[in-house]
Each structure stands twice: as C-alpha cells, then as structure tokens.
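Here is the naming used below: chain letters follow the sequence lines, and residue numbers restart at 1 for every chain.
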Amino acid sequence: MGPDLINLTIEEAHALLVAGKISSLELTQAALERIRQTDSQVRAYVTVAEEQALEQARQADERLRSGRNVTPLTGIPFGVKDCISTRGIRTTCSSRILENYIPPYDATVIERLAAAGAVLIGKQNMDEFGMGSSCENSAFFATRNPWNLERVPGGSSGGSAAAVAARQGLFALGEDTGGSIRMPAGFCNVVGLKPTYGRVSRYGLIALASSFDCIGPMARTVTDCAAVLQVIAGHDPRDSTTWNEPVPDYTAALKQPVRGLRLGIPKEYFVAGMEAGVEKALQEAMRTLEKLGLTLHEVSLPHTKYALPVYYLILFAEASANLARFDGVRFGYAAPQASDVIDLYLRTRRDGFGKEVKRRIMLGAYTLSAGYYDAYYLKAQRVRTLLRQDFEKAFAQCDALLAPVCPTTAFRLGEKTGDPLSMYLSDIYVVATNPAGVPALSLPCGFSADMPVGMQLIGRHWSEAVLLQIGHAYQQETDWHLRQPPLD
Amino acid sequence: MSQMQYEAVIGLEIHAELITRSKMFCACSADYASAPEPNTLICPVCTGLPGSMPVVNRRAVEQAIMVGLALHCQINPMNVFARKNYYYPDLPKGYQISQYDLPIAVNGWLDVSVDETPVRVRVRRAHLEEDTAKLFHQGQAALVDFNRAGIPLLEIVSEPDMHSVEAVLAYATQIRAILRYLGVNSGDMEKGVLRFEANVSVRPVGSQELRTRTEIKNLNSFRALTRAVAYEIQRQTAIYEAGGEVVQETLGWDDVRGITLSQRGKEEAHDYRYFPEPDLPPLEIDPAWIESLRAQLPELPEARGERFLREYGLKRQDARLLTSEKALADYFEAVVRCAKSKPHEVSNWITGEFLRCVNDFNASIDAISLPPQHLARLIDMVSEGTLNASSAKLVLREIFQSGQSPQAIVEQRNLAQISDEGYLTGIIAQVLDENPDAVASYLAGKETVLQWLMGQIARQTRGKANPQIARHLLLEMLKKRQGEGKED
Amino acid sequence: MTAHFQIDAATVRHMAFLVRVGIRDEEAEAFSPQLSAIIDYFNLLNEVDTSQVPPATQLPGLRNILRPDEVAPSMARADFLANVPCREGKFVRVPAVLSEE
C-alpha cells in the first residue's frame with residue numbers, strides 16, 4: 001500500500017478511510033515519510049509538526065472508528081503556507097523577523113479544518129511576506145519545482161504548490177494576493193483556487209494587502225479543492241470583511257452539467273509575449289472545453305494593461321502599514337543592545353526584512369505620503385473601479401473567463417531575481433482579479449517542454465461553484481492533473 | 001514700542017475614553033482601571049499580533065453618536081475608519097485605527113458662559129479611535145502595559161473660537177459635564193480618561209488673521225489646561241511685542257516650573273499617511289437609528305439649568321451649580337419633590353451646607369447615600385420652626401455620619417427648637433436679671449450688647465431657642481425695663 | 001502630475017526612515033535605480049482619465065459590521081509574554097523612548 005498512499009486524492013482517501021481499509025495514521029506517516037525522502041530536494045517545508053500530526057491522526061482514527069462526526073476531510077494530512085497562524089507551531093512568513101515566532105492562536109481556517117478532523121503536518125515555504133512570484137524571496141531557502149529542480153515553483157505559495165505536486169500531503173492551504181495561489185499551481189501542475197474576496201476568513205492570516213488577500217485550497221484535483229473550500233468558506237464574526245453570503249454545496253455542484261455555459265476569452269490576455277508552448281496548450285484546452293459543450297467568444301477587458309500598476313500601488317501601500325507592527329517590541333526578532341527605541345526599530349527591520357520587502361514597504365509609505373497620495377494611491381483606487389467595471393461588463397456576456405496563468409512556464413532559479421520590475425511583469429494575467437475581488441481557478445492544461453502549463457477560469461463574485469463545475473468537467477476529459485513529477 | 005493689544009485664539013482637542021464593557025475593536029474587558037495587574041486584558045487584536053483583525057464595538061458607535069447629538073453635530077450618514085500611521089512603542093500595530101475624511105460627527109457647537117456672556121464654540125468634528133497602551137518610563141527604558149490598548153476613544157475637536165482662558169475652562173467644563181450626563185465618560189481626569197490638547201495662537205485685537213499656532217499636548221487637569229494656556233498666551237504675546245516670530249511646534253507643559261517646553265519631533269511625525277481602513281466596512285447611519293438614539297438622550301446640563309431657572313425660580317448661579325453634575329441635579333429634584341419647603345430653600349441648603357458636608361466627609365456626588373426624604377424633612381423642620389438653622393447644621397452632619405433620620409437625631413439629642421414663648425420669656429427674664437450691667441449698657445445706647453445677650457440666651461437654651469422669637473421677646477422685655485426706669 | 005522619475009539616494013534614505021528601516025549608503029545607492037524604475041512604471045496610470053471615476057469602495061454592499069458590547073476572556077499573559085523579546089516582570093520592556101509623537 002506504501003507508494004499508493006501518497007498518490008491518493010482526498011476523495012479516494014476518504015472512501016478508504018471510511019471503509020476502514022486504511023488509517024489516518026498510515027496516511028499521515030506516509031506523507032511524513034515522503035517529506036523525509038524528497039524535501040531535501042524540493043524544500044517545500046519550513047516546519048514539520050510531526051508529533052502534533054501523529055496525535056491528530058490518532059484522534060481522526062478514533063473519530064473514523066466511532067463513525068460519528070466524520071467529514072470528507074477527517075484524517076486527511078495537509079500543509080499550510082507559513083503565513084497562516086497555527087497555535088504552538090512556528091509561523092514565519094519565511095522571514096527572519098518571524099523566524100522564531102510561535103502564534104498563541106489558530107487562524108479561523110485552521111480551527112475549521114481541525115474541527116473537520118484534517119491533520120496538519122507542517123508549514124510551507126513562501127516568498128517572504130508573500131512578496132514575490134518565485135519563492136526565491138524566502139529568507140531561508142528557495143523551494144524547487146518538483147518537475148525540474150533547477151526551476152522555480154512559482155510564488156508566493158511556492159512551498160504549498162510544490163508540496164502538493166510532490167505528494168507531501170493531500171492538499172494545502174495557500175494564499176493569493178495577486179496570483180500567489182494560481183501562478184505556482186500552474187507551474188507545478190496542481191489545482192489552486194483563489195476564492196471571492198470575503199468568502200474565506202482572513203482572521204489569523206498574516207496580512208500583506210488587506211484589500212486583496214485570499215486564503216484558498218490547493219490540491220491535485222478540482223474535486224479535492226471543492227471539498228476543502230466547503231470546510232473553510234463562510235462568514236466569520238472575527239473578520240469584518242467576510243460576507244453572510246450562503247455557502248453552497250460545492251461538491252454537489254460539481255456534477256452540474258456544463259453544456260451551454262459561455263466562456264469569454266479576454267483578447268488583451270492573448271497578445272504577443274506568451275511562450276509558444278503555453279499558447280498551444282491553451283488553444284487545445286479551449287477545443288476541449290468546446291467539445292464539452294461550452295461556447296467560447298471573445299470579450300474585452302480594456303484596462304488590462306493598468307492592472308499591474310493598480311495592483312502594485314495598492315499592495316505596496318497596504319503592506320507598508322501591515323508590516324509596521326514588526327518592530328522588535330512584542331514578538332519576533334529584535335536587534336540586540338538597542339540604544340533607544342528608534343535604534344531598535346531601524347536595526348530590527350534592517351536585519352529582519354529582506355530586500356524585496358524593504359523595497360515594497362518603502363515605496364508603499366512613499367506613495368501614501370502627503371503630496372503623493374492623490375497621484376498614486378488614490379489614482380490607483382480610481383483605476384481599480386475601471387478594472388472592476390471591465391469584469392462586470394464581461395460577465396454580462398458570459399459565465400466565466402478563460403485566461404492563461406503566466407506567459408511562460410516555470411523559469412529558472414535566479415533568472416529574474418536581478419530585476420524586480422521584470423518579476424512583477426510575470427504576474428500580468430493574475431493580478432487583475434484581486435483588485436476586483438473575483439474568484440479564479442487555476443488548473444493543469446498541458447505541458448510545454450516538459451514543464452506544466454496552467455489555465456485560469458475567472459468568475460463573477462460568489463461563482464466558485466461554476467468555476468469548479470467547469471474545471472471538474474475538464475478534468476473528466478483530460479489527465480494532465482494525474483501526471484506525476486519525476487521525483488524518485 | 002506701540003502698545004498693540006493682542007487677543008488669544010484657542011482651539012481645544014479633547015480625548016475622552018468611552019465607558020463600554022469591551023474594547024473598541026475586540027472583546028477584551030475595557031475596565032483596565034480595575035485590572036490588578038498589567039497585561040491581563042489583552043488578546044491578539046489589541047496587542048497587534050500578526051493576523052489579528054478589528055471588529056467594531058456597536059456601543060461605542062452609539063455613544064459617539066449621542067455625544068455628537070448633544071453637541072448639535074450633524075451625524076455623517078456614511079463614515080469610514082482610517083489608518084493613522086506612525087511608530088511608537090505604545091502603538092501595537094504601528095498604526096492607530098481612527099477616522100479621517102469621514103468622521104462620525106461634524107459641524108456642531110456648544111454655547112458656554114464666560115463672565116455671564118454667552119460664547120458659542122463651534123465643534124469641528126468628533127471621531128472614534130482606539131487608545132494606546134500605557135508606557136511607564138523607567139530611566140533608560142520604558143515598560144509597556146497593553147491593558148489600555150484598544151480602549152474606545154472619542155476625539156472632539158473645536159474650532160479656534162475661544163479667546164480667553166475663561167472661555168477654555170468654560171468649554172472644557174461643559175464638555176466634561178455633558179459626557180458625564182450621558183454616562184459615556186467618568187470625567188475623572190486624574191485617571192487619564194479625559195485629556196486635553198490646546199492649540200494656541202495670538203493676534204492683534206480686531207484682526208481676523210490666524211497666526212502661527214503651537215500645540216500643547218497631554219494636559220490632564222483643568223489646572224494644567226488653564227495654566228498652560230495662560231502661560232502660552234503670555235509667551236507668544238511677549239514674542240510679538242519684542243518683534244519676533246512664533247515658531248510652530250509641539251509643546252509639553254511642565255507643571256512644576258510653570259512653563260511650556262518644546263518637544264522637538266521629526267517633521268515626518270506629522271504626516272500620518274492616512275488611508276481608509278481596508279479591514280472595516282463603512283458605517284452607514286440612517287435617520288431611524290439617529291432618532292432612536294436622540295430619544296435616549298437625557299436632559300442635558302444647559303437645558304436642565306434653564307428649566308431650573310424657570311420651574312424653580314432659582315438664581316442663575318445656583319441653577320448652574322446644581323446642574324453641573326447630573327447626580328446632583330437629580331438629587332435636588334428628588335428633595336424638592338419630597339419637601340414642603342420652597343425649591344429655593346432646598347437649593348440654598350444643597351448648594352450650601354450639603355455640599356460642604358460632601359466635601360468634608362469626602363463623599364461622592366455620584367452615590368449620594370443621604371436619602372432625599374431625610375434632607376427634605378430636615379429642611380422642612382427649619383421652615384416650620386421646629387429646628388433652628390444652627391441646630392439643623394449639626395443634625396445634617398450627624399445624618400451624614402450615622403444615616404439616621406433627622407427626626408430620630410433631633411429627639412435623641414433633644415435639639416428641637418424652643419418656640420414656646422412662655423418658656424422663653426422665663427429664660428430671658430433670668431438672663432436679664434443676672435446681667436444688669438449689660439441691660440444698663442444697652443439701654444444707654446450700646447446696640448451691640450444685644451448680640452451678647454442673644455448669645456447668653458442661646459447658651460441657656462443650649463442653642464435651641466428659636467432666634468427670631470427670642471430676639472422679638474428680648475427686645476420687648478428690654479423696652480419694658482426701660483419704661484420701668486432704672487433699677488435700684 | 002509631473003512624473004517623478006528620479007528617486008535619488010537622499011530620497012531613498014527618507015523613504016527608508018518613513019518605514020523605520022535602517023539603510024546603509026550602498027543600499028540606498030543600489031535601491032535608487034530600482035525604485036525609480038518602479039515609480040516610473042506606475043506613472044502609466046496617468047494615461048487613464050479618471051476625472052469622472054470614484055475611488056473603488058473596498059467592500060461594496062458591506063456596511064455596519066458591528067459587534068455587541070460584550071466581554072470575552074482575554075489571552076493568558078504567559079502566552080503573550082512568551083513571544084516578547086524583552087520582558088521585565090509582567091511588562092514588555094523597550095529601550096529609551098526619545099521625544100517623538
């Protein structure tokens with residue numbers, strides 16, 4: 001049963017657990033063993049919580065034995081991006097400034113997964129404070145793409161994507177502020193969902209851009225993502241930005257027929273600059289979707305080229321405020337022998353933050369300062385209205401949009417680290433969604449030169465069920481998502 | 001040098017902690033004053049731990065609206081929270097959640113009395129924010145207690161409509177009285193729940209210009225407020241008279257030396273880089289909500305004072321004194337209801353002897369333990385002639401100490417006033433017989449001896465003689481003796 | 001609004017102080033062209049006419065999210081102090097606070 005355990009989907013594992021054919025302990029031990037075997041190469045995990053995981057697995061097995069209170073996630077091992085607070089388990093945001101920070105509380109999503117009986121095995125590497133698109137900005141180490149260890153897994157939820165691809169756990173929770181779930185999902189051949197802003201509680205998520213941050217599931221199949229979303233979605237009184245919007249049965253919705261659904265193809269997303277192999281994979285995906293009965297037609301998102309500056313301006317501004325609390329006073333790294341409080345701040349943050357973090361918060365504070373606020377921050381907020389309107393108009397004519405995730409497949413480590421601006425530009429297809437708050441699903445749609453290609457389905461607010469439905473139908477018809485990386 | 005006259009131009013910013021059960025953005029107890037130890041009323045939110053999120057306290061919003069209504073403000077139908085960004089160890093998040101562009105209340109006013117002249121002080125705005133932690137300076141370091149962090153604060157900002165120290169004191173006193181009437185602030189400045197900041201400038205009398213102003217921070221008593229403002233006015237005037245210029249700066253008040261001191265801060269300290277708080281949806285205050293809160297407003301000090309003038313025919317000064325504290329005004333009216341004596345008699349007793357006793361016995365106005373019926377009975381006993389004024393004062397003090405009824409005390413101490421003319425005639429005759437020289441002295445024209453004779457009568461009756469009757473009888477009997485000629 | 005292309009080293013130092021990040025001269029020099037390029041790129045937004053466009057409301061349709069004024073148990077002080085880098089008894093300790101705000 002050994003090797004098979006790690007290749008199970010949540011759906012498959014659940015059936016076996018309920019039937020008593022396998023135990024959560026076995027499943028969890030297999031995942032932990034897989035980490036031991038492969039993580040020196042992949043480097044997805046910052047912290048592995050072995051003791052706690054085994055204890056949770058035993059408790060899950062009790063539950064399964066008793067048959068009471070069993071959910072689709074009971075006994076399923078998973079990892080979490082290291083920006084989500086886990087009580088008693090180090091939570092670092094892959095930053096030196098939080099290298100030894102142990103939260104005294106759990107994020108809401110962690111509480112919900114624990115209540116469902118899922119088994120937390122560890123915390124996953126990321127770009128420091130979510131600032132990056134390759135996982136190379138981690139202060140600790142760079143995660144590698146399991147499909148090619150010389151290449152990046154994408155970012156900032158690079159560790160989470162790589163872990164799922166490498167079968168180190170059956171699912172992961174990532175976080176998407178401007179493509180951070182979708183882009184690494186695309187690079188690593190896994191499924192990643194950025195839910196509607198306000199669908200999933202951010203309480204306990206270490207904030208990057210409060211207006212954009214979304215926690216979402218990453219797994220090997222759309223079905224699995226639906227199961228995870230079911231548990232973590234919903235209103236939270238501790239997060240004033242979650243809606244009371246009812247949570248549908250996402251799993252049931254998967255079976256809804258997709259024939260007749262209209263897919264919009266934003267013309268601004270299909271211009272020169274895309275790698276040939278990526279474009280080819282997308283064209284093929286479009287044909288498959290047509291075969292499934294969806295109708296495709298061109299739409300326009302006219303303000304697309306402004307999405308990047310809008311996104312980054314607002315991101316930098318909010319991040320500069322969100323990261324102000326890391327000052328060496330109440331938690332985290334503190335510069336030793338500070339002569340006064342200003343010295344404490346200056347040296348703590350100089351030594352605790354990496355270069356990209358510093359660049360972003362400096363720019364953020366600058367664009368909020370007197371004299372620049374109107375021209376930069378406020379201007380970006382106005383153009384953001386136009387981005388929103390673009391999506392609204394497009395959704396008047398279709399049920400979802402189809403788009404690439406990245407113009408290229410995973411690039412090499414070190415390829416883009418020299419020029420921050422060029423790194424930003426690789427986000428071009430994934431940044432418009434967050435300022436608009438709309439949900440988007442990234443799923444495998446082919447390969448180019450042996451590297452995975454992902455595609456994106458973008459929907460109206462609260463239309464996760466539709467996206468999952470389409471994604472699921474596509475996965476019945478294709479097998480990209482079943483391929484395994486050449487890792488031992 | 002020409003003798004130019006300068007007038008002061010003063011605006012006041014008042015920070016009032018609101019009395020709620022829980023803090024502004026979290027459910028920790030707001031009763032930090034009673035906390036026996038530091039850092040016990042804390043949580044991830046008010047200590048600014050990563051991943052924490054604010055949730056607005058409904059009661060604080062309602063209290064803010066009620067203060068706004070009491071100050072004749074317009075309640076903004078849409079109001080928004082904002083981040084005020086700066087660095088200080090008592091500010092956990094590195095920003096304070098406050099209100100900037102759209103505060104809860106604007107454009108109000110308060111009429112105060114300065115030397116019997118009405119002065120209208122406009123209220124520019126009132127907004128909600130959270131209080132900071134408490135810092136205890138200790139030599140080369142500081143200790144921080146987060147119990148106070150996150151307490152709801154209402155900041156009330158006036159226009160620079162005050163032109164004298166008296167006006168400032170009248171305004172500050174009125175605001176404090178209103179806050180106490182509403183039950184939203186204890187007014188206990190020693191505990192730091194009410195804090196003032198004064199903006200002071202001067203200009204030539206008759207001019208409308210607004211010259212450079214200075215900001216005096218951390219004034220925590222009426223004494224500090226008035227002394228600091230007076231000093232600053234004089235300091236700035238002297239500068240202009242000497243031909244100099246006033247420098248815009250932030251000042252502190254040194255109460256020991258009686259001077260304002262510059263607090264040199266960096267210029268950046270004043271650029272707070274405000275932007276709307278992304279974690280909190282706006283507050284939409286509809287007219288129905290406003291009206292329901294308006295209906296809950298108690299009769300405020302000014303209106304109550306006017307009513308006391310009309311209804312009870314009191315002197316303006318007494319009406320003002322009685323209504324300066326709601327508990328006192330309530331008590332006065334309770335006594336008036338029980339008493340047969342006229343309201344102005346009740347007023348005399350309360351504003352006089354009663355308040356003296358309150359002071360002497362260190363009693364609390366907020367919890368007047370003397371039952372109104374007792375005081376009413378006492379006052380009535382004097383009006384009826386059962387008790388004379390000096391005995392009544394003794395009885396009042398006794399009631400304060402023992403809590404017994406006046407009737408009981410009078411009976412126990414045998415203090416009932418003697419009004420029996422027959423009895424008094426006998427006593428007076430005895431006094432006159434025993435003091436022939438005094439009688440002769442009086443009859444010879446020395447009027448002052450009368451007082452001494454009255455004193456003797458009082459002694460003989462142990463202070464119980466009804467003074468009016470005794471005096472009347474004494475004069476009669478002296479006249480008779482005169483008529484009878486000299487004694488042999 | 002005139003484009004602000006050049007962020008010189010002095011401005012970089014100012015920006016660094018805004019966010020209380022100590023910065024060495026070489027770093028300021030290195031950041032200067034990078035930050036300039038990024039700000040320059042942001043000026044792309046000037047192409048868009050937003051004179052009739054309001055700033056985006058953060059949470060369209062979400063209003064008055066309020067909590068009843070009730071007390072819930074607080075965090076254990078020990079849990080809080082466990083992460084505090086510099087403690088003194090039951091307090092958090094910070095080095096000398098100079099006169100600032």
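Among B:Asn39, B:Leu49, B:Leu41, B:Val45, the one residue that satisfies the side chain to side chain contact (heavy atoms under 4.5 Å, CB included) test with C:Met75 is B:Leu49.
Applying the 6.0 Å contact sphere to CD of C:Glu47 captures more than 12 heavy atoms from other residues, nucleotides or ligands. In B:Glu37, the CD atom is crowded: over 12 heavy atoms of neighbouring residues, nucleotides or ligands sit closer than 6.0 Å. The environment of B:Arg21 atom CZ is sparse: at most 12 non-hydrogen atoms of other residues, nucleotides or ligands sit within 6.0 angstrom. For B:Tyr100, the OH atom sits in a loose shell: 12 or fewer heavy atoms of surrounding residues, nucleotides or ligands are nearer than 6.0 Å.
Residues B:Ser22 and C:Glu70 have side chains not in contact (no heavy-atom distance under 4.5 Å, counting atoms from C-beta outward). Between B:Glu62 and C:Asp69 there is no side-chain heavy-atom pair separated by less than 4.5 Å. Side-chain contact check for B:Leu143 versus C:Glu88: some heavy-atom pair is nearer than 4.5 Å. Residues B:Leu283 and C:Leu66 form a side-chain contact, since some pair of their non-hydrogen atoms from C-beta on lies under 4.5 Å apart.
Note on C:Leu62, C:Ile65, C:Val94: by heavy-atom pairs under 4.5 Å with chain B, the leading option is C:Val94. Between chain B and the residues C:Val71, C:Leu81, C:Val19, C:Asn83, the most heavy-atom pairs under 4.5 angstrom are made by C:Val71.
Minimum heavy-atom separation, C:Phe91 to B:Asp145: CE2-CB, 3.9 Å. Residues C:Val97 and B:Tyr88 come closest through the heavy atom pair CG1-OH, 3.1 Å. Closest approach of C:Arg67 to B:Met24, counting heavy atoms only: NH2-O, 3.2 Å.
Only the backbone of B:Cys26 comes within less than 4.5 Å of a heavy atom of chain C; no side-chain atom from C-beta onward does. Residue contact with chain C, scored on non-hydrogen atoms closer than 4.5 Å, is absent for B:Val80. Looking at B:Pro282, the atoms closer than 4.5 Å to chain C (heavy atoms on both sides) sit in the backbone and in the side chain alike. When heavy atoms are compared at a cutoff of 4.5 Å, B:Pro276 does not approach chain C at all. Of the two parts of B:Phe25, only the backbone, made up of N, CA, C and O, holds a non-hydrogen atom closer than 4.5 Å to a non-hydrogen atom of chain C. Only the side chain of B:Gln138 comes within less than 4.5 Å of a heavy atom of chain C; its backbone N, CA, C and O stay farther away.
In this structure, OG1 on B:Thr40 lies 11.5 Å from CZ on C:Phe80, to the nearest 0.5 angstrom. Between the CG atom in C:Leu18 and the CG atom in B:Asp271 there is a gap of 7.5 Å [rounded to 0.5 Å]. The OG1 atom of B:Thr47 sits 13.5 Å away from atom CZ of C:Arg77, with the distance rounded to the nearest 0.5 Å.
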